[in-house]
Amino acid sequence: MVGILLNPGGSAAGPVVNLPAPSLKGRVSVEEALQARRTVRRFAHRALSLTQLSQLLWAADGVTDPRRGYRSAPSAGALYPLDLYVAVGERSVADLPPGVYHYLPDRQGLELITKGDIRKELARAALYQSWMAEAPIMVVITAEYARCTQKYGQRGLLYTHIEVGHVGQNLFLQAEALSLGAGIVGAFENQAVSQIMGLPPAQEPLLIMPIGYKH
Ligand SMILES: Cc1cc2nc3c(=O)[nH]c(=O)nc-3n(C[C@H](O)[C@H](O)[C@H](O)COP(=O)(O)O)c2cc1C
């Protein structure tokens, strides 16, 4: 484990991996990323760096205005009903052991939820879409609807579903800008995914995005 601080405590329940600061400069234009974006279903067996993982998560739904707590993706009423989890495979991210991690946007960190490589189990829970397990990481986006419905009622469900689309597209575009590819999976058994990942009962998985180098 090189270059990682493991800090117990803070707002997280488990040990926290501090992620490298994200970069605000890239070599691919937004237009080029939009033109290149495709749902990728074949991945090379090549590990990502912690810097790449940090950049992906920050782009997806990271904090871009710390003073007001605003994020990269818009959110109705700035209520932020979504959480991001990462299933990291064996030898998939340099210096990061396999496991399920919870993204902590406020401190650009990862909280370890459970140890071990669960990619194959997730692929099975996604109607046996075995291609998913070839990706070094899968980002799982969950919703805690009550954060939004307590203000907006039933309409909060719609707002939450709109928001996950923003986060998904952010991930797609950042993946392209890092010369990576992302897939997107909505076909899965919610209960199975929740159980495999050890998700809190209030959080429903909405999308799974496998990400890695394209094959
Ligand atoms: C909400 C949603 C769910 C999807 N679920 C799956 C899925 O379970 N498996 C899959 O292979 N592709 C899935 N896709 C990807 C679509 O098949 C893909 O976006 C479409 O074929 C257009 O291709 P493109 O993304 O490369 O432009 C999903 C896309 C969206 C937006």
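These values consider heavy atoms only, across backbone and side chains, with no hydrogens, waters or symmetry-generated copies. The shown structure was predicted, so the numbers you read here are calculated from the model rather than taken from an experiment.
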Report task. Please report the shortest heavy-atom distance between Thr160 and Pro81, naming the atom on each side. Result -> OG1-CG, 3.7 Å
Query - Among Leu19, Val16, Val88, Leu57, the one residue meeting side chain to side chain contact (heavy atoms under 4.5 Å, CB included) with Tyr101 - result: Val88
Requested in this report: Please round to the nearest 0.5 Å and tell me the distance separating atom CE of Met138 and atom CG of Leu207.
Outcome: 13.5 Å
Query raised in the report: Among His161, Gln150, Gln203, Glu204, which one satisfies side-chain hydrogen bond (donor to acceptor under 3.5 Å, both in side chains) with Tyr145?
Result: His161
**Report entry** Lys/Arg-Asp/Glu bridge criterion (N-O < 4.0 Å) met for Arg147, Glu144
**Finding:** yes
**Report entry** Shared hydrophobic cluster for Tyr213 and Val139 (ILVMFWY, side-chain gaps under 4.5 Å)
**Finding:** yes
Query - Leu180 and Lys214: CA distance, side-chain angles, deciding distance, side-chain contact (heavy atoms from CB on, under 4.5 Å) verdict - result: CA-CA 6 Å; Leu180 304 172; Lys214 297 172 203 173; over 6 Å; no
**Report entry** Thr149 (side chain) donor-acceptor with Tyr152 (main chain) under 3.5 angstrom
**Finding:** no
Query raised in the report: Between Arg46 and Pro136, which heavy-atom pair has the shortest distance, and what is it?
Result: O-CG, 3.8 Å
**Report entry** Check: Asn190 and Phe188 side chains under 4.5 Å, non-hydrogen atoms
**Finding:** yes
Query raised in the report: Are Tyr80 and Val63 connected, step by step, through hydrophobic side chains (Ile, Leu, Val, Met, Phe, Trp, Tyr) whose heavy atoms are closer than 4.5 Å?
Result: no
Report task. To the nearest 0.5 angstrom, please state how far the SG atom of Cys148 sits from the CG atom of Leu158. Result -> 9.0 Å
Query raised in the report: Donor-acceptor pair, Asn18 side chain versus Gly109 backbone, under 3.5 Å?
Result: no
Query - Shortest non-hydrogen separation from Ala175 to Ile211 and the atoms involved - result: CB-CG2, 4.3 Å
Query - Side-chain donor-acceptor contact under 3.5 Å, Tyr85 with Glu111 - result: no
Query raised in the report: Should Val86 and Val40 be counted in the same cluster of Ile, Leu, Val, Met, Phe, Trp and Tyr side chains packed under 4.5 Å apart?
Result: no
Query - Donor-acceptor pair between Ser29 and Glu32 side chains, under 3.5 angstrom - result: yes
Query raised in the report: To the nearest 0.5 Å, what is the distance between CD1 (Ile162) and CG (Leu157)?
Result: 11.0 Å
Requested in this report: Measure the shortest side-chain to side-chain distance between Pro205 and Ile141 over non-hydrogen atoms and say whether it is less than 4.5 angstrom.
Outcome: no
Query raised in the report: How about Met197 and Thr114: do any of their side-chain heavy atoms sit closer than 4.5 Å?
Result: no
Report task. May I ask whether Val93 and Leu112 are part of the same hydrophobic cluster, defined by side-chain heavy atoms of I, L, V, M, F, W, Y residues being less than 4.5 angstrom apart, directly or through others? Result -> yes
Query raised in the report: OG of Ser179 to CZ of Arg27: how many Å apart, nearest 0.5 Å?
Result: 6.5 Å
Report summary line: CD of Gln55 to CG of Leu178, rounded to nearest 0.5 Å, is 6.0 Å
Requested in this report: Taking the side chain as every heavy atom from C-beta outward, state whether Gln169 and Leu34 have any atom pair closer than 4.5 Å.
Outcome: yes
Query - Sidechain-backbone polar pair: Arg119 side chain, Ala135 backbone, donor-acceptor under 3.5 Å - result: yes
Query raised in the report: Leu53, Leu82: one ILVMFWY side-chain cluster at the under-4.5 Å cut-off?
Result: yes
Report task. Step by step, work out the side-chain contact (heavy atoms from CB on, under 4.5 Å) result for Val28 and Glu176. Result -> CA-CA 8 Å; Val28 175; Glu176 284 298 334; 5.6 Å; no
Query raised in the report: Any donor-acceptor pair under 3.5 Å linking the side chain of Ser92 with the backbone of Gly89?
Result: yes
Requested in this report: Start with the C-alpha gap between Arg42 and Glu134, add the side-chain angles, then the distance that decides, and say whether side-chain contact (heavy atoms from CB on, under 4.5 Å) holds.
Outcome: CA-CA 7 Å; Arg42 293 191 71 201; Glu134 302 300 316; over 6 Å; no
**Report entry** Glu189 atom CD: more than 12 heavy-atom contacts under 6.0 Å
**Finding:** no
Report task. Just do the side-chain contact (heavy atoms from CB on, under 4.5 Å) check on Leu171 and Asp61 with the steps written out, would you? Result -> CA-CA 9 Å; Leu171 264 176; Asp61 208 16; over 6 Å; no
**Report entry** Asp117/Arg91 ion pair, N-O < 4.0 Å
**Finding:** no
Report task. Please report the closest heavy-atom contact between Tyr70 and Ala78, naming both atoms and the distance. Result -> CE2-CB, 3.8 Å
Report summary line: Correct closest heavy-atom pair for Leu48 and Gly212 would be CD2-CA, 4.3 Å
Requested in this report: Would you check if Met209 and Val185 make a side-chain contact, meaning some heavy-atom pair closer than 4.5 Å?
Outcome: no
**Report entry** Distance-only side-chain donor-acceptor flag, Gln108 / Tyr103, under 3.5 Å
**Finding:** yes
**Report entry** Beyond-backbone contact of Ile184 with Phe172, side-chain heavy atoms, under 4.5 angstrom
**Finding:** yes
**Report entry** Side chains of Gln191 and Val193 in contact at under 4.5 Å (non-hydrogen atoms)
**Finding:** no
**Report entry** Glu90 side chain to Pro98 backbone, donor-acceptor under 3.5 Å
**Finding:** no
Query raised in the report: Between Ala125 and Ala192, what is the shortest heavy-atom contact and its length?
Result: CB-CB, 3.8 Å
Query raised in the report: With a 4.5 Å heavy-atom cut-off, do Thr142 and Leu84 have their side chains touching?
Result: no
